[in-house]
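In what follows, every heavy atom counts, from backbone to side chain, and hydrogens, waters and symmetry copies are set aside. Note on naming: letters A, B, ... go to the chains in the order of the sequence lines (proteins, then strands), and numbering restarts at 1 for each one.
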Protein chains: 2
Amino acid sequence: MTNVMTSVPPVPERTEKQRLSAQDWELAALELMAEEGVAAVAVESLARRLGVTKGSFYWHFSHRDALIEAALRRWEDTDTHNLLARVESIENPGKRLRELFRLTSREMRSHKIYAALLKAADHPVVAPVMDRVSHERMAYLARVFQQAGMDHESAEHRARLAYSAYVGLLQLTLQLRSSRLSSEVFDAYVGHMIDTLIPAE
Amino acid sequence: MTNVMTSVPPVPERTEKQRLSAQDWELAALELMAEEGVAAVAVESLARRLGVTKGSFYWHFSHRDALIEAALRRWEDTDTHNLLARVESIENPGKRLRELFRLTSREMRSHKIYAALLKAADHPVVAPVMDRVSHERMAYLARVFQQAGMDHESAEHRARLAYSAYVGLLQLTLQLRSSRLSSEVFDAYVGHMIDTLIPAE
DNA sequence: AGCTGTCAATACGCTTGCGTATGGATAACT
DNA sequence: AGTTATCCATACGCAAGCGTATTGACAGCT
């Protein structure tokens, strides 16, 4: 068969204004969530943001929660795994933890979404996602702490403590406007945290 | 003067149904906030809860935010000082911190309100209260850490770390339903936290 | 007994947000 | 070129929530 159909993709011209896909809505929802929280993800305001009306939305999704759910699925799939993949190669558990902490203290984008979800953890669609993500992350931390030489129970507790410190710092810096630190102080704090929570080699 | 007026207070009979004062509204608002968050403090639903209509509310308060503000003022006045007063007598800084952590890990009531306020930290009335309270508490912690022998900078960092751990644990246990611990594990965790964050005597 | 101040009920208007119904427009296929 | 599938606009109904206006009920004082 001379398969002409699959030769050149249509190239939809992307002239700034095109019809939307479900994915466009999901990405826009995540963006809005990061900036203004889950509550701000309203179909009519989102539609305005995208230059359409809600007639469009209800073609792609049956109701608001379906959008939230799809957006969160997307976030959950890409987010955690991305981060962990970047430290997987480090053999020494202590070094891996240190690097993980340092990396985490940077890229704010993902954390804004996490913080927004935390605020909306009573939402029935959000709750299970947060449960899964938080537990996975703490379990991972616990494993590495154990690899770094701690006994099982201590590693579990230390993982919880470290993760609490992460969540707490997130709240303090993102929620409380006045608690924002200069980058020097912030780096020094991260250093202190690492020294306090990660066993010396 | 034979001061009859101040002799016996009227004793308003409190037969379950009485007219309401502003204070009644404030206490009810705090209660609702603790249970269902700041967003749930709506005048009409609160009124239903109190067995009146909003005609009553708008006599006592000019608008919703005035109630929030009054309720928070009440909370701020009583809350922090209550806790600190109970450990003030302990001379040894390390012991004082340990006792403070242990006490804090109990009385959930006040923490539910703190968590609810954290979720609503973008609210213009809530934000300054949270800023004040959080800073006061961290400053207090920093002072005590310094008294316990740490240098100024380390004490600041450690205070932030400890407070982050507090806030984070609050989120994990109150927001994430599945992260709730049995009381034995919880106590063990608090012990681990104390050992990790408070310098040995 | 009557007046006045205090607290509350009712009715209304306004806004935001969800979801439905229906018709119009455009791209894609045949 | 015509048909079909896709995507979107418009108009509507409904509920929750804020705030206003008006009237009513009752207590305390004179």
Side-chain angles (χ1 to χ4, degrees), chain A residues 1 3-29 32-33 36-71 120 122-125, chain B residues 4-6 8-29 32-33 36-71 120 122-126:
Chain A
M1 285 189 256
N3 198 339
V4 187
M5 289 184 283
T6 59
S7 58
V8 178
V11 185
E13 276 273 325
R14 268 283 164 238
T15 51
E16 186 62 272
K17 278 287 174 186
Q18 205 70 19
R19 313 173 92 188
L20 300 176
S21 69
Q23 174 172 331
D24 294 325
W25 285 93
E26 293 166 19
L27 294 177
L32 222 178
M33 260 175 45
E36 305 178 45
V38 177
V41 180
V43 325
E44 274 157 307
S45 87
L46 234 195
R48 270 192 298 276
R49 216 175 154 99
L50 287 172
V52 293
T53 67
K54 57 187 196 166
S56 167
F57 175 85
Y58 283 101
W59 193 88
H60 294 288
F61 301 93
S62 61
H63 51 269
R64 177 181 180 266
D65 279 359
L67 168 65
I68 308 283
E69 199 169 355
D122 49 343
H123 186 118
V125 170
Chain B
V4 188
M5 289 185 283
T6 59
V8 178
V11 186
E13 275 273 326
R14 267 285 163 237
T15 50
E16 185 63 270
K17 277 288 174 184
Q18 205 71 18
R19 313 175 94 191
L20 300 177
S21 68
Q23 174 172 330
D24 293 325
W25 286 93
E26 294 165 19
L27 294 177
L32 222 179
M33 259 175 44
E36 304 179 43
V38 178
V41 180
V43 324
E44 276 159 304
S45 88
L46 234 194
R48 270 191 298 275
R49 215 175 154 101
L50 287 172
V52 293
T53 67
K54 57 186 194 167
S56 168
F57 175 85
Y58 283 101
W59 194 90
H60 294 288
F61 301 92
S62 60
H63 50 270
R64 176 182 181 265
D65 279 359
L67 168 65
I68 308 284
E69 198 168 356
D122 49 343
H123 187 118
V125 171
V126 174

Nearest-Å distance, [atom1] ([X]) to [atom2] ([N])?
{"X": "A:Leu50", "N": "D:dC8", "atom1": "CG", "atom2": "C1'", "answer": "13 Å"}
{"X": "A:Glu44", "N": "D:dA11", "atom1": "CD", "atom2": "P", "answer": "14 Å"}
{"X": "B:Arg49", "N": "D:dG17", "atom1": "CZ", "atom2": "P", "answer": "13 Å"}
{"X": "B:Arg19", "N": "C:dC7", "atom1": "CZ", "atom2": "C1'", "answer": "4 Å"}
{"X": "A:Leu20", "N": "C:dA27", "atom1": "CG", "atom2": "P", "answer": "14 Å"}

- Note on the structure: In this structure, CG of B:Leu27 is separated from CG of B:Leu20 (nearest 0.5 Å) by 11.0 Å

- Query: How many angstroms lie between atom CG of B:Leu46 and atom CG of B:Asp24, to the nearest 0.5 angstrom?
  - Reply: 11.5 Å

- Message: Suppose we screen for salt bridge (charged side-chain N to carboxylate O under 4.0 Å, His left out). Which residues come up paired with B:Arg49, at least two apart in sequence or across chains?
- Response: B:Glu36

- Non-neighbouring partners of A:Glu26 that pass salt bridge (charged side-chain N to carboxylate O under 4.0 Å, His left out), sequence neighbours left out: A:Arg74

- Query: Hey, which of these two, A:Ser45 or A:Gly55, hits DNA chain C nearer its 5' end, going by closest nucleotide?
  - Reply: A:Ser45

- Task: Output the residues of residues 56-71 of chain B in contact with DNA chain D, where contact means a heavy atom of the residue under 4.0 Å from an atom of the strand; sort by number or write none.
- Result: B:Tyr58, B:His63, B:Arg64

- Considering all heavy atoms, the nearest A:Val41-A:Arg64 contact: O-NE, 2.8 Å

- Note on the structure: Closest non-hydrogen contact found for A:Lys54 with A:Val43 is CB-CG2, 4.0 Å

- Note on the structure: Sequence neighbours excluded, the answer for ring-ring contact (aromatic ring centres under 6.0 Å, His included) partners of A:Phe57 is A:Trp25, A:Phe61

- Item | Stems involving DNA chain D, each a run of at least 3 consecutive Watson-Crick or G-U pairs under 3.5 Å | C:1-30 with D:1-30

- Task: Assess whether side-chain contact (heavy atoms from CB on, under 4.5 Å) is satisfied between B:Leu67 and B:His60, documenting all intermediate values.
- Result: CA-CA 9 Å; B:Leu67 168 65; B:His60 294 288; over 6 Å; no

Identify which nucleotide among [options] has an atom closest to any side-chain atom of [X], counting heavy atoms from C-beta outward.
{"X": "A:Arg48", "options": "C:dA8, C:dG17, D:dC7", "answer": "C:dG17"}
{"X": "A:Thr53", "options": "D:dA9, C:dA8, C:dG17", "answer": "D:dA9"}
{"X": "A:Lys54", "options": "C:dC12, C:dT20, C:dA8", "answer": "C:dT20"}

- Task: List in chain and number order the residues that pass side-chain hydrogen bond (donor to acceptor under 3.5 Å, both in side chains) with A:His63, two or more places apart in sequence or in another chain; answer none if no residue qualifies.
- Result: none

